[in-house]
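Shown next, in structure tokens, is the structure this report addresses.
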Amino acid sequence: MNRFDYVRPSTVAEAVQALGSDPAARFIAGGTNLIDLMKYDVERPGKLIDITRLPLAEIEERDGGLRIGALVTNATLAYDARIRERYPLLADAILAGASAQLRNAASTGGNLLQRTRCYYFYDTATPCNKREPGSGCSAIGGVNRIHAILGTSGHCIATHPSDMCVALAALEAVVQVSGPQGDRAIPFAEFHRLPGDEPSRDTNLAAGEIIVAIDLPAKGFAGHHTYLKLRDRLSYAFALVSVAAALELDGQTIRTARLALGGVAHKPWRNTQAEALLQGKPATRETFKAAADLILREAKPQSTNGFKIELARRAIVRGLEQAAAGTPQSQSDKRIQ
Amino acid sequence: MLIDSGSPGAVGTIGITLTINGERRELQVAPWTTLLDLLRERLDLTGTKKGCDHGQCGACTVLVNGTRINSCLTLAVMKDGAEITTVEGLAGLTQREGKNSLHPIQEAFVEHDAFQCGYCTPGQLCSSVGLMNEGYAKTRDEIREAMSGNICRCGAYTNIVDAIEEVMHQGDAR
Ligand SMILES: Cc1cc2nc3c(=O)[nH]c(=O)nc-3n(C[C@H](O)[C@H](O)[C@H](O)COP(=O)(O)OP(=O)(O)OC[C@H]3O[C@@H](n4cnc5c(N)ncnc54)[C@H](O)[C@@H]3O)c2cc1C
Ligand code: SF4
Ligand code: FES
Ligand code: FES
């Protein structure tokens, strides 16, 4: 780990000021991603701004929904009674990720900003456009079993590794940020970016901005939801493919559908056309297959991740079936019903 | 600003206070010292193990204010003011309650043969206490899932779950 300066502000204004326009300064919250990257020399901050003492660790009622402070830990959030009752999809997605120890340390804001698990991104001896713009992408034509099948570019095929964010995308959360230009709200769909020709930028957070909270809208889809995560081992592993599905039904007819995929793209993947296709249709396997086909029509395999296309297709169908039946995937008993 | 290590370039150490296994300690630490390295390299508390140093194995699990975390992925300076319990302090938790014995989870690990080489054991023990403090995992499936952050290369998993189940049902874990 390189040497760095350390400051511990007590207010958001002080934190934003401490970051200023210094490109080598970083906020640190749980530290579970940043310290890991620092140990690999992928991150070499000149200054760390410890934000753990900022007053951002509350979950509050707001406009019929909830405002989650950026420092609420992943564990606190997943076990909060209001989240479990009103937003069980979010609780389940969080519990599907990492380990109990990591969730105890990890923060809501940090989870959104965690970086890709692409092997080459972590290995400073190899070219990687995300780590070192212009150096090339080692994953294209390399080892890319865990990489993206949707929304890739010729510059980067990395995925965003978060589980929590997949649920937040389906729930249409809003990210509240604060910066030198004041405060602003970023809809979740616009928060993370596709790689395009600038893969070094994961999100649309501007330089100098801090995440202060995540807002959940009133609608929580508590009746019909699931988080289905498929991975190489049953726990403590990142998703190969995951599905957050949320439905509102009138009898057997779909009134509203939300569907977001993890492990397949540079951001939680939503396809509003597929959601529109589901609307007004009977909640049957045929309907779900049609939605899956629509989503995966644009899927593009890399040299060793072609299996993800069929895996995603089946996960979407199964996820929608679980949601429609009101039998969400258990995050402790891993049998898939 | 609560703390400032000084102007860029002239990086110094920072004074912090930690209560480690019941003992209050004033320490000067470099900001890049992880809690794990502070415990092992500076304080000779080598019970806590370094397996991967990247959050992937759980050997470094300690309790911070009663909550289990990976000490390899946290900086010591960030825990200023906290109460830390390592495997060396688990028996002390029991002794605080007036008993002169190992922590019940330690007794249960011995009873159930919940280790072979023992390398993962300090982390497994602290993680088990953390799990019981949390109070969410009840069934065997839930215990298994909630212990997935602790890898055991010897594969003592079944016996570890047995040990935790037993202590949980005694209900006298701290
Ligand atoms: C072994 C392992 C397995 C894991 N498995 C999973 C998994 O299966 N699923 C999953 O979803 N995740 C998984 N994770 C990732 C984990 O969820 C993230 O590391 C964690 O959520 C990051 O949060 P943090 O608070 O620790 O972030 P930090 O490491 O503190 O910060 C991460 C980044 O966010 C920035 N930042 C933090 N807070 C703010 C803020 N409020 N405003 C602006 N910038 C901020 C930091 O500057 C840094 O760049 C795993 C991690 C490990 C180590
Ligand atoms: S996929 Fe993205 S992160 Fe991975 S090597 Fe290519 S550019 Fe880097
Ligand atoms: S040493 Fe910390 S998790 Fe492996
Ligand atoms: S007892 Fe050997 S690693 Fe667990």
Side-chain angles (χ1 to χ4, degrees), chain A residues 1-11 14-15 17-18 22 24-25 28-40 45-54 73 75-76 78-79 84 95-96 98-106 122 233-237 330-335, chain B residues 1-14 29-35 37 53-58 60-64 67-75 77-81 123 126-127 130-131 134-151:
Chain A
M1 219 185 299
N2 68 296
R3 313 203 148 196
F4 51 84
D5 237 14
Y6 172 83
V7 295
R8 194 193 295 151
S10 40
T11 66
E14 276 178 3
Q17 205 195 358
D22 181 355
I28 186 161
T32 60
N33 190 226
L34 186 56
I35 296 174
D36 193 16
L37 291 167
M38 285 164 64
K39 288 181 178 182
Y40 285 109
K47 174 161 79 176
L48 277 195
I49 303 159
D50 176 354
I51 58 172
T52 54
R53 312 295 161 111
L54 304 187
T73 67
T76 302
Y79 290 113
R84 288 182 110 170
L95 294 178
S99 68
Q101 290 95 315
L102 289 161
R103 295 191 297 264
N104 281 340
Y122 266 82
R233 57 181 188 210
L234 289 179
S235 188
Y236 204 12
S330 161
Q331 302 304 331
S332 49
D333 174 354
K334 300 300 169 65
R335 267 164 298 192
Chain B
M1 203 73 71
L2 291 173
I3 293 271
D4 197 326
S5 66
S7 54
V11 184
T13 57
I14 294 176
V29 293
W32 47 87
T33 311
T34 62
L35 179 58
D37 286 343
D53 213 19
H54 289 282
Q56 300 179 358
C57 75
C60 66
T61 303
V62 299
L63 300 166
V64 174
T67 301
R68 52 178 165 158
I69 63 162
N70 305 94
S71 62
C72 69
L73 289 188
T74 195
L75 300 173
V77 280
M78 296 176 68
K79 297 300 164 199
D80 189 8
C126 287
S127 195
L131 176 152
E134 287 156 15
Y136 301 123
K138 302 272 187 240
T139 65
R140 249 188 114 76
D141 275 348
E142 288 165 355
I143 295 171
R144 276 162 51 101
E145 172 62 22
M147 288 298 290
S148 75
N150 293 85
I151 307 289

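Just so we're clear, the structure is a prediction, and the values are computed from it rather than from any experiment. So you know, we letter chains A, B, ... as the sequences are listed, proteins then strands, and number each from 1.
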Interchain contact, B:C57 with chain A, by part (heavy-atom threshold 4.5 Å):
backbone
Quick check on B:T139 against chain A: is it the side chain, the backbone, both or neither that has a heavy atom closer than 4.5 Å?
neither
Option in A:Q101, A:Q331, A:M1, A:R233 with maximal non-hydrogen atom pairs under 4.5 Å from chain B:
A:Q101
Between B:A146, B:A137, B:G58, B:C72, which shows the greatest number of heavy-atom pairs under 4.5 Å with chain A?
B:C72
Tightest non-hydrogen contact, residues B:G55 and A:L102, listed as O-CD1, 3.7 Å
Atom pair CD1/OG1 of B:I14 and B:T33 - distance to nearest 0.5 Å:
9.5 Å
Please classify the contact of A:T32 with chain B as side chain, backbone, both or neither, using a heavy-atom distance under 4.5 Å.
both
Please look at B:I151 and chain A and tell me whether the side chain, the backbone, both or neither of the residue comes under 4.5 angstrom of a heavy atom of that chain.
side chain
Classify the angle between the aromatic ring planes of B:H54 and A:Y40 as parallel (below 30°), tilted (30 to 60°) or perpendicular (above 60°).
parallel
Working to the nearest 0.5 angstrom, can you tell me the gap between A:K39 NZ and A:L34 CG?
11.5 Å
Looking only at A:T11, A:N2, A:I28, the option with the highest number of non-hydrogen pairs under 4.5 Å against chain B is A:I28
Between B:I69 and B:T74, what is the shortest heavy-atom contact and its length?
CD1-CG2, 3.9 Å
